[in-house]
Amino acid sequence: MWRRQARNLGVSLVFVMVATGLWYTQERDYRDRLSWMGVPTWEVLSPTSVHRVLRNDGFLVGWSDVRVNPLWVSYTLQTVDDPRAGPRPDFQRDWRTLWPIAADSYFGSGYDRGHLAPNYAIATVHGRGAQQQTFLMSNISPQRPDFNRRLWQRLEEVVIDHFAPRFGTLQVVTGPVFPERFLDNVLNRVGLVEIPEAFYKIIVVPADQPVALAFLVPQNVRGNEPLDRYVVSIDEIEARTGLNFFPNLPEGAARVLEGQVRTQGWELEKVARLPSRF
DNA sequence: TTTTGTGT
């Protein structure tokens, strides 16, 4: 009798291992397609940096159930000949998040529901389904109106309208930065959702000799500041977030790409002072 | 064409 049970258990174990292997292989393929040199990982095992990856059409989300925020989103952009975005969908709850964050969870807070993977760029490059998923609340962080509608909108517009045509293909990783003080983390929230003090955006031209441009912008901007004021190294963003970006990049290449600020070739001066649309 | 809140 016990032999048959042992055999059944063995068959079940093999089945689970094969299924897990297949799932893992497929999941890794999907992540590799959507994220150059690997999705961000955390440097140290702390509750505030642990996250899990949510798959969407066209973009990945590194979701934290502790911050109740995406810690990063990752997506590629290409030049599109005839860019078209459908009408703005409604914001939607994402049932994959542990916490109930509804479309109206930000009402009356004074904060905007700020997209991390942006509506317009994702819509034009990755299509309607991907656009709808940018309106999942798992892709949203609390952003001050002057930040979201003015400076951050200008930056997103520069990425899709200037950088993408200039370089053809881009890898973008963007996300929030939180205050260092623990009490601020606990108390500074819109409902359950922690309020970031800044946001970062990393733009990479994925080539044999990759180049990168990174921004770190505080929430309290007026909105008309020149964008080049906020250029930083990727190392600085890693220090502020505790994340490791592009973990599959060889160490020597990472030192060059992440350790220094190189704005040559981006023609930032042409786009840093464009007026805001709103 | 590209961001939102408003309040039911």
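The figures here come from the full heavy-atom set of this structure, side chains too, leaving out hydrogens, waters and symmetry mates. Sequence lines set the chain letters: A, B, ... in the order given, protein chains first and strands last, and positions in each chain run from 1.
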Return the value, rounded to whole Å, for the distance between atom CG of A:D146 and atom P of B:dG5.
->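 Answer to the nearest Å: 14 Å.
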Does the side chain of A:R150 get closer than 4.0 angstrom to OP1 or OP2 of B:dT3 through an N or O atom?
->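 A:R150 to B:dT3 OP1/OP2: no side-chain N or O under 4.0 Å.
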Between A:R240 and A:E197, does at least one N-O distance fall below 4.0 Å, as a salt bridge requires?
->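 Answer for the salt bridge query: yes.
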Is A:R84 salt-bridged to A:D82, going by a charged N under 4.0 Å from an acidic O?
->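 Between A:D82 and A:R84 there is a salt bridge, with a charged N closer than 4.0 Å to a carboxylate O.
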How long is the line joining CZ of A:R144 and P of B:dT4, in whole Å?
->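 In whole Å, B:dT4 P lies 16 Å from A:R144 CZ.
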Any side-chain N or O of A:N148 less than 4.0 Å from the OP1 or OP2 oxygen of B:dT3?
->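 For A:N148, the contact criterion (side-chain N or O under 4.0 Å from OP1 or OP2 of B:dT3) is not met.
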Nucleic acid contacts of residues 116-143 of chain A, taken as heavy-atom distances under 4.0 Å to DNA chain B |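 Under 4.0 Å from DNA chain B: A:N119, A:Y120.
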Would you mind checking if A:E27 and A:R55 are paired as a salt bridge, meaning a charged N to carboxylate O distance below 4.0 Å?
->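 Judged by the 4.0 Å cut-off on N to carboxylate O distance, A:R55 and A:E27 do form a salt bridge.
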Whole angstrom value for the distance that separates C1' of B:dT3 from CG of A:L155 |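 Rounded to whole Å, this separation is 13 Å.
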Co-members of A:V18 in a cluster of I, L, V, M, F, W and Y side chains, linked at under 4.5 Å =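 Noted: A:V18 shares its cluster with A:V14, A:L22.
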Hey, which of these two, A:I160 or A:S109, hits DNA chain B nearer its 5' end, going by closest nucleotide?
->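 First, find each residue's nearest nucleotide; the 5'-ward one identifies A:I160.
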Rounded to whole angstroms, how far apart are CZ on A:R88 and P on B:dG5?
->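 That distance rounds to 8 Å.
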Of residues 67-83 of chain A, the positions that come close to DNA chain B - non-hydrogen atoms, cut-off under 4.0 Å =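 Correct list: A:P83.
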Rounded distance in Å - CG (A:D112) to C1' (B:dT6) =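 In whole Å, B:dT6 C1' and A:D112 CG are 12 Å from each other.
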Going through the distances and angles, do A:H115 and A:F135 end up as a ring-ring contact (aromatic ring centres under 6.0 Å, His included)?
-> CA-CA 7 Å; A:H115 281 74; A:F135 281 79; 4.4 Å; yes
Can you check the A:D90 CG to B:dG5 C1' distance for me, whole Å?
->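 For the pair A:D90 CG and B:dG5 C1', the rounded distance is 14 Å.
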Decide, yes or no, whether a salt bridge links A:R144 with A:D146 under the criterion of side-chain N to carboxylate O below 4.0 Å.
->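 Here A:R144 does not pair with A:D146 in a salt bridge, since their nearest N and O are not under 4.0 Å apart.
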CG of A:L274 versus P of B:dT2: gap in Å, rounded?
->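 Computing the A:L274:CG to B:dT2:P distance gives 16 Å.
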Test applied, side-chain contact (heavy atoms from CB on, under 4.5 Å); reference residue, A:I203; option that passes from A:V158, A:L77, A:V159 |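 The passing option is A:V159.
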Please say whether the positively charged group of A:R93, taken as NZ for Lys or CZ for Arg, lies over the ring of A:W95, i.e. under 6.0 angstrom from the six-membered ring centre and within 45 degrees of the axis.
->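 The answer is yes, since A:R93 meets both limits relative to A:W95.
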Expressed in angstrom and rounded to an integer, what is the separation of A:E157 atom CD from B:dT4 atom P?
->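 So the two atoms are 13 Å apart, to the nearest Å.
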Under 4.0 Å between any heavy atoms, over every strand shown, what does A:R84 touch: base, sugar-phosphate, or nothing? Just pick one.
->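 Nothing, no heavy atom under 4.0 Å.
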Using a cut-off of strictly less than 4.0 Å, decide whether A:H115 has a side-chain nitrogen or oxygen near OP1 or OP2 of B:dT2.
->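 It does not, given that no N or O in the side chain of A:H115 lies less than 4.0 Å from OP1 or OP2 of B:dT2.
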Ignoring hydrogens and angles, answer whether the base of B:dT2 and the side-chain atoms of A:R277 contain a donor-acceptor pair closer than 3.5 Å.
->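 Side chain to base: pair found, below 3.5 Å.
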Assign A:Y111 to base, sugar-phosphate, or nothing according to its heavy-atom contacts below 4.0 angstrom with the strands shown.
->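 The residue A:Y111 makes sugar-phosphate contact but no base contact.
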Can you say whether the rings of A:W42 and A:H51 are parallel (under 30°), tilted (30 to 60°) or perpendicular (over 60°)?
->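 Plane angle over 60°, so perpendicular.
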Kindly indicate, with the supporting measurements, whether the criterion salt bridge (charged side-chain N to carboxylate O under 4.0 Å, His left out) is fulfilled by A:R52 and A:D65.
-> CA-CA 9 Å; A:R52 54 199 169 92; A:D65 291 299; 2.8 Å; yes
